[in-house]
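Data block below; observations after.
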Amino acid sequence: MAKYDSNLHKEIVSLPTMVRYICSDIQKKCETVFTADELKNFDNIVLSGCGDSLCAAYAVKECYEQLLGLHIDTPVCLDLSRHYDVRRFGEKGKTLVILISFSGKVSRVVEAAQRARANGAITMAVTHDIESPVAAACDKVLHVVPEEFDLHRTPGCRTYVASMTALYQFGIAMGQIIGNYDMAAADGYRQDILDYVTEFEAAMDQMDDELFNVAVSWKPVPYFEFLSSGPEYASAWFGQAKMYEATGDFSRYENFEDWAHVDYILRKMDSGMFLFIDKKNPAFSRAQEVASVLTRQSYRYLVFTDANKSEFADPLKVFTVPTAKHLWLTPLMQAALPCMFAGALAHVKGTTEFCADMIDSLFPFGGAILRNSKIELH
Ligand SMILES: N[C@@H]1[C@@H](O)[C@H](O)[C@@H](COP(=O)(O)O)O[C@@H]1O
């Protein structure tokens, strides 16, 4: 029995069902959005979006590198639309640009699609709205359809996981179609997604309770930091965003290496820190070193990992999480963890959902700043 209820909490709990639902429907779409010849023609894939959708691009980068063996780039959307050297698109038709926007309404994503198309790339929107401006700006659309859900204004949780699910499924299908592995292997990867979801679902109640308890004891903490690297860096990045959206508290994200170069110097080290580190992550030993420093300096921190607790300087700081078969798949369900903490902390602090009181009084323009931005072709 959950210790609180909120719209964000309802979203978190719904994630396993949603991922299964999308998976049950999207394979065919992934296999037919392009012909085999079109897919075989691509040398490069560029993925981008804004906010959580950029994070989704980063989350699947290593999956695409490993399964497709192509050059994968994940520039920020403003770079792609205003700065990116278009010579990188190469010959006409050689680069696939995937534009991720769940709503399909974000101007910068439309602009990036238009620029990529104008410079010879083939574009595909990954969106929930096939009538949206982003869909209209792209050559192809991968339609992401979660099950019916009473979606409210919350820190995006379902939208991010829905986009990741579609992207993983597209990468898996493409790898098979271009001949990198056979259908049995592709089915194996698809099963790995479902197995990860099942394992995570089984542990969800307990993790939810434990993170609620962490939120209670960390209620006075003034700011938060999220550290990781590789695909799990997406989880740190996403976690940072959820703190802003759920509680309005300052938070930041960094990779293990650069945190150790600069950030430890911060005066009054009073943060609440989260480390994401799967035992398959090649940066595992670096994370252990950082955890040792945190222990020595008496930081307040928690390590999300599937590794044995004894691998870390302070086993009491280790929060055991279920993991995926592949490192590249870990971000899919890891996203629930910072949502659980942020949702619980918002409840404990009595923050209005999605900081609505603060957003409505200080930022009355709402989504217009994202949707009505001037579109230019550079
Ligand atoms: N704060 C929101 C994010 O949570 C959202 O992910 C992003 C992109 O939205 P979309 O995926 O609809 O383009 O917009 C804003 O930045």
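Numbers here are sequence positions counted from 1. Both backbone and side-chain heavy atoms feed into the values below; hydrogens, waters and symmetry mates do not. Remember, it's 1-based here, ligands and their atoms both numbered in the order they're listed.
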By the side-chain hydrogen bond (donor to acceptor under 3.5 Å, both in side chains) test, which pairs, at least two apart or in different chains, include something from residues 156-166?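 For residues 156-166: S14-R158, E147-R158.
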
Between the side chains of Q334 and E232, is a donor N or O closer than 3.5 angstrom to an acceptor N or O?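 Present: a donor and an acceptor within the cut-off.
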
Taking atom types as modelled and ignoring hydrogens, do the side chains of K94 and N41 form a donor-acceptor contact shorter than 3.5 angstrom?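 Yes, a side-chain donor-acceptor pair sits under 3.5 Å.
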
Can you give me a line-by-line list of nitrogen or oxygen pairs between ligand 1 and the protein shorter than 3.5 Å?
unit_1   : atom_1 : unit_2 : atom_2 : d
ligand 1 : 1 (N)  : E245   : OE2    : 3.1
ligand 1 : 4 (O)  : D52    : OD2    : 3.0
ligand 1 : 4 (O)  : E245   : OE2    : 3.4
ligand 1 : 6 (O)  : D52    : N      : 3.2
ligand 1 : 11 (O) : S53    : OG     : 2.6
ligand 1 : 11 (O) : F102   : N      : 2.8
ligand 1 : 12 (O) : S103   : N      : 2.9
ligand 1 : 12 (O) : S103   : OG     : 2.6
ligand 1 : 13 (O) : S101   : OG     : 2.6

Is it the case that R88 places NZ or CZ above or below the six-membered ring of Y84, under 6.0 angstrom from the centre and within 45 degrees of the axis?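 Because its charged atom sits under 6.0 Å from the ring centre and within 45° of the axis, R88 does stack over Y84.
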
What I want to find out is whether D270 reaches R300 closely enough, with some N-O distance under 4.0 Å, to be called a salt bridge.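 The answer is yes: the pair qualifies as a salt bridge.
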
Check this for me, if you would: do E111 and R82 make a salt bridge, where the nitrogen-to-carboxylate-oxygen distance has to be below 4.0 angstrom?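 Here E111 pairs with R82 in a salt bridge, since their nearest N and O are under 4.0 Å apart.
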
